[in-house]
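One structure is given here, and the rest of the page talks about it.
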Amino acid sequence: MPLLRLDKISLAYGPRPLLDQAALDIRRGERVCLVGRNGEGKSSLIRLLTGEIAPDGGEVWLRPNVRIAHLAQEVSADSDETVFDVVAGGLPECGRLLSQYHHAVAELSHEPTPAAMDRLADLQHQLEAVNGWELEQRVENILSRLDLAGDATMHSLSGGWRRRVLLARALVCAPDLLLLDEPTNHLDIEAIRWLEDFLTGYSGALLFITHDRAFLRRLATRIIELDRGQLTSWPGDYDSYLGKKAEQLAAEAQQNALFDKRLSQEEVWIRQGIKARRTRNEGRVRALEALRVERGQRRERVGKADLQLEGAEASGRVVFDCEDVEFSFADRPVIRDFSARIMRGDRIGIIGPNGAGKSTLIKLLLGDLVPQRGQVNRGTKLQVAYFDQQREQLDPTQTVMNSVGEGRETVTVNGQTRHVAGYLRDFLFPAERLRSPVNTLSGGERNRLLLARLFARPANLLVMDEPTNDLDVETLELLEEVLTEYQGTLLLVSHDRAFLDNVVTGCLVFEGEGRIGDYVGGYSDWLRYQQDAVARKSEETARLKTPAVAAAPQKPAAKPRKLSFNDQRELDALPAKIAALEAEQAELQARMNDAEFYKQGRDDVAASLARVAALGGELEWCYARWETLEALLDGRV
């Protein structure tokens, strides 16, 4: 039995329907990713599921007593509420009580009056009556996992941290159905990986929208696509969906071509003149009229964006040369002993936790800040274009057209003069949107507009701060192609692991206490460096802990020793055991990727999920045991 079902749902804003007789059902244990281009209506569908908006037609059915929690795409305005208050507010049963108790404890610590003590005792009794202590522990656990300070006020946090708070609020109530709209936006890589681990073991149903392909590939067990008003279910993982979707589009293009050919032939026939009219078949005329109606109702798939960067005169060969740079805020080292050389044509990814100092590093490189120690030498002929993740360069009251043209009707791109309307069409802005104010655009549309504004200006140094937020995957992949072919120098701040891997040639990584590591390659290359370093450190620690044995001249060199009977039998059996466990793991994963898997009973699904987790632990133990026994056999331990 599904948790939620949509039946013949229709929803429209203006003449174009976002949902046209759409159907959907979601079952417990599923992790469903909703994909579709920007502007197709994905966020509107989420708002419909939460009850924020009502459909124009059709029925939304929810299982009785089902709990739904939602993380919106846009961060709400700041307030004077504390982080604890906001997160506890996600518990409808006793969130208010927990907030009051939290404030009462703080009040008592500052002013221990009898009235404050009575108030605290009264709240304690109320919380005990509704199992409040367990729920308080859940709030504290979520705050700890997301590295949130419960006493901080919302207005003191940046947009990224406020989003993290709202994510905690959505997670804390352990809903039956969790709706996440771009949950990785503004989260650093460590938080994204924690969220992946958390959601992988989540027992409820999950419906999420994301542009993060690494996040999507790890989590999704089914893909739901919203395309031209229709919802289509694609069982299996994301890569399987890509292959099947390409086949579907090819078949659709072939079918449309045959239809258009037939219509063209019938139009020629109807226009043959008086001679043809004498023998005209009225049934054929009616069929032609039906063909015309069908062609008029066809919704064409919007074309791809056409992104092109405006070229500029080449900069000097050395773009930045940093020597022993240091910078601190209030005695807190942000950058320490940083030395690096960035050459023309380098594409550098800047990686680090939120608040580590990535923006400070960019300001030091561009000259907006002066290092407190060391020096930054900049190259010659630099022309800088900057992409701001907060979109502060966009005036919300300006129209789409004026945001790019700045009062002019033409722009010059790669030496060619183009009308602003035609240029914006390359970024998928139709004519009817050109006069719309910026504040009416979706997050993805604003990002495309900022890209259009940025790419219309000549630059040989491109600085991009989280450019992937809210972009659909198709536009994201096109942006990757443009940046890969870019002849200038790129500084890229991003938490999108796949984007970093596909674009950058080197990484500057904040490693704590102001230290910045300089690595060749993308995110995955850096991760391998880290894993190798940890392995080497573990080996060195083990070697140092092993007591040194004094050399004995009379003894021969150590030889590999024989294992005991039981150890040898265990070693011989391990390969077969590992193969069996891996086969079982692969079989379970294949079953879980099938949508039919989640139509089982709740207990069966939970048991399978628990078995998958247990198999991972067993395999890890078997490999470790195998290595230990072989080391014994070789005389290495």
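Position 1 is the first residue of the sequence, and the numbers go up from there. The basis for the numbers below is simple: all heavy atoms, side chains too, and nothing from hydrogens, waters or symmetry mates.
L462 places none of its side-chain heavy atoms less than 4.5 Å from the side chain of F387. Using a 4.5 Å heavy-atom cutoff, the side chains of L195 and L171 are in contact. With contacts defined as side-chain heavy-atom distances shorter than 4.5 Å, the pair Y529/V520 qualifies. Residues F427 and R453 fail the side-chain proximity criterion, which asks for heavy atoms closer than 4.5 Å. Proximity of S494 to E466: side-chain heavy atoms (C-beta onward) are separated by under 4.5 Å at one or more points. Inter-residue side-chain proximity for T489 and N460 is flagged as unmet; no heavy-atom pair is nearer than 4.5 Å.
Partners of D496 by salt bridge (charged side-chain N to carboxylate O under 4.0 Å, His left out), not counting sequence neighbours: none found. Residues satisfying the ring pair (Phe, Tyr, Trp, His ring centres under 6.0 Å) test with F510, not counting sequence neighbours, are none. Y523 pairs by the ring pair (Phe, Tyr, Trp, His ring centres under 6.0 Å) definition with W526, not counting sequence neighbours. Remark: F208 pairs with F215 by the ring pair (Phe, Tyr, Trp, His ring centres under 6.0 Å) rule, at least two apart or across chains. The side-chain hydrogen bond (donor to acceptor under 3.5 Å, both in side chains) test applied to E196 returns R218, R497, not counting sequence neighbours. In this view, A205 and L3, I26, L177 satisfy the side-chain contact (heavy atoms from CB on, under 4.5 Å) rule, not counting sequence neighbours. Residues satisfying the side-chain contact (heavy atoms from CB on, under 4.5 Å) test with A22, not counting sequence neighbours, are L19, L231. V35 pairs by the side-chain contact (heavy atoms from CB on, under 4.5 Å) definition with C33, L216, I223, E225, Y241, not counting sequence neighbours. For T360, the side-chain contact (heavy atoms from CB on, under 4.5 Å) partners are F327, F329, V334, I335, L364, L369, not counting sequence neighbours. Scanning for salt bridge (charged side-chain N to carboxylate O under 4.0 Å, His left out) contacts around D525 gives R528, with sequence neighbours left out.
Annotation for N354 and H495: closest pair OD1-NE2, 3.3 Å, computed over non-hydrogen atoms. Closest non-hydrogen pair, T399 versus N402, comes out as OG1-N, 3.1 Å. Counting all heavy atoms, side chain and backbone alike, G58 lies closest to I9 at C-CD1, 3.7 Å. Of all the heavy atoms in E313 and Q383, the pair that sits closest is N-OE1, 3.8 Å.
Among pairs with a residue in residues 183-195, those fulfilling salt bridge (Lys or Arg N to Asp or Glu O under 4.0 Å) read R164-D188, at least two apart in sequence or across chains. Contacts classified as salt bridge (Lys or Arg N to Asp or Glu O under 4.0 Å) and involving residues 339-365 (residues at least two apart or in different chains) are given here: D321-R341.
Side-chain atoms of R446 come within 3.5 Å of backbone N or O of N439 as a donor-acceptor pair. In this structure, R169 contributes its side chain and V86 its backbone to a donor-acceptor pair below 3.5 Å.
Heavy-atom contacts from other residues, nucleotides or ligands closer than 6.0 Å to CD of Q487 number 12 or fewer.
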Step by step, work out the side-chain contact (heavy atoms from CB on, under 4.5 Å) result for L461 and S315. CA-CA 8 Å; L461 174 59; S315 67; over 6 Å; no
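The pair R217-D237 does not meet the salt-bridge criterion, since no charged nitrogen lies less than 4.0 angstrom from a carboxylate oxygen.
Remark: R213 fails to qualify as a cation-pi partner of Y238 under the 6.0 Å distance and 45° angle criteria applied to the six-membered ring.
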